[in-house]
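Okay, so here's the structure we're looking at.
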Amino acid sequence: MRVIVLLGPPGAGKGTLARELVRCADLAQFVTGDVLRDAIAHETTLGRKVREDVEAGRLVDDETVLALAREFLDSHPEGVLFDGFPRTLTQARGLSRMLRDDDELQVIYFETSEGTILSRLTARRVCLNCGRIYNMKFQPPGKDEVCDDCGQALVQRKDDTEEVIRERYRIYVEQTSPLVDFFRDKLIEVNGDQSVQEVFAILRDQLCRV
Ligand code: AMP
């Protein structure tokens with residue numbers, strides 16, 4: 001089985017790249033943040049448990065996230081693209097234990113500056129209906145605040161305010177950046193300050209396989 005992990009700070013372009021990659025590689029996409037936000041919106045038991053942490057920009061506990069990832073991996077033997085997982089060393093070790101020796105793991109690491117992240121995330125809008133991501137400065141929709149693909153109103157995520165973005169970045173540096181060393185021999189490094197189109201052009205040959 002093939003597994004791709006997108007690793008990098010919030011706002012590095014992981015979600016936008018993931019949308020390109022699932023079109024050219026036969027992989028099921030697992031977006032931890034989307035699964036958690038969906039559970040919150042539907043007020044499920046999981047949603048009620050994680051709401052406070054997600055809205056404050058803190059990480060949800062490892063046990064909860066590992067259980068979600070394991071379930072997804074087990075039900076998608078065709079291969080998985082992980083966006084937003086793993087985010088701690090405990091999660092990374094958990095993922096390694098879930099994989100078999102003949103599974104192929106590629107980790108794409110987006111090295112991205114804090115300035116880029118802040119300017120991207122404060123201008124980010126998302127379509128809750130189809131998941132398309134926009135940037136009001138660099139990639140605005142054709143019509144103000146409405147999704148080009150499905151016509152739904154775009155929204156700003158609650159955790160895309162400057163204060164919460166800074167907290168998410170601090171947590172990334174503290175808890176997630178050690179994964180760069182953990183996955184050193186699986187790493188494909190890209191410059192996340194570039195546009196996602198430039199990143200995709202660089203990665204296309206290496207990753208697009210059906
Ligand atoms: P994201 O959409 O990837 O920026 O994730 C939004 C929020 O969901 C994060 O700030 C965390 O609160 C939570 N979250 C997403 N992925 C994880 C993870 N792997 N471990 C713990 N919390 C997570």
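Both counts, for ligands and for their atoms, begin at 1 and track the order of listing. Nothing fancy with the numbering, it's 1 onward along the sequence.
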With heavy atoms only and a cut-off of under 4.0 Å, state how [X] meets ligand 1: side chain, backbone, both or neither.
X: K14; answer: neither
X: V54; answer: both
X: L59; answer: both

Could you tell me if the side chain of R157 sits less than 4.5 Å from the side chain of V126, heavy atoms only?
yes
Can you check whether I108 reaches L207 side chain to side chain, under 4.5 Å on heavy atoms?
yes
Checking a contact table here: which protein heavy atom is nearest [atom], and how many Å away?
atom: atom 20 (N) of ligand 1; result: Q91 NE2, 3.0 Å
atom: atom 11 (C) of ligand 1; result: R58 O, 3.4 Å
atom: atom 23 (C) of ligand 1; result: L36 CD1, 4.0 Å

Distance-only donor-acceptor check, side chains T116 and D193, under 3.5 Å:
yes
Strictly by modelled atom types, are R19 and Q29 linked by a side-chain donor-acceptor pair under 3.5 Å?
no
From atom 22 (N) of ligand 1, work out which of V60, T32, V65 has a heavy atom at the shortest distance.
V60
Would you indicate which of R87, R37, R51 comes nearest to atom 16 (N) of ligand 1 when only heavy atoms are counted?
R87
Hey, is R157 one of the residues with a heavy atom under 4.0 angstrom from ligand 1?
yes
With rounding to the nearest 0.5 Å, note down the distance linking CE in M1 to CG in L105.
10.0 Å
Can you tell me if the gamma sulfurs of C150 and C130 sit closer than 2.5 Å?
no
Short N or O distance, G84 and ligand 1, threshold 3.5 Å exclusive:
yes
Under the salt bridge (charged side-chain N to carboxylate O under 4.0 Å, His left out) rule, what do D160 and R168 come out as? Steps first, then yes or no, please.
CA-CA 9 Å; D160 277 348; R168 287 158 67 203; 3.0 Å; yes
Under the salt bridge (charged side-chain N to carboxylate O under 4.0 Å, His left out) criterion, do R184 and E189 qualify, and how do the steps go?
CA-CA 10 Å; R184 180 63 61 196; E189 286 193 47; 3.6 Å; yes
At a 4.0 Å threshold, what atoms of ligand 1 neighbour a non-hydrogen atom of R168?
4 (O)
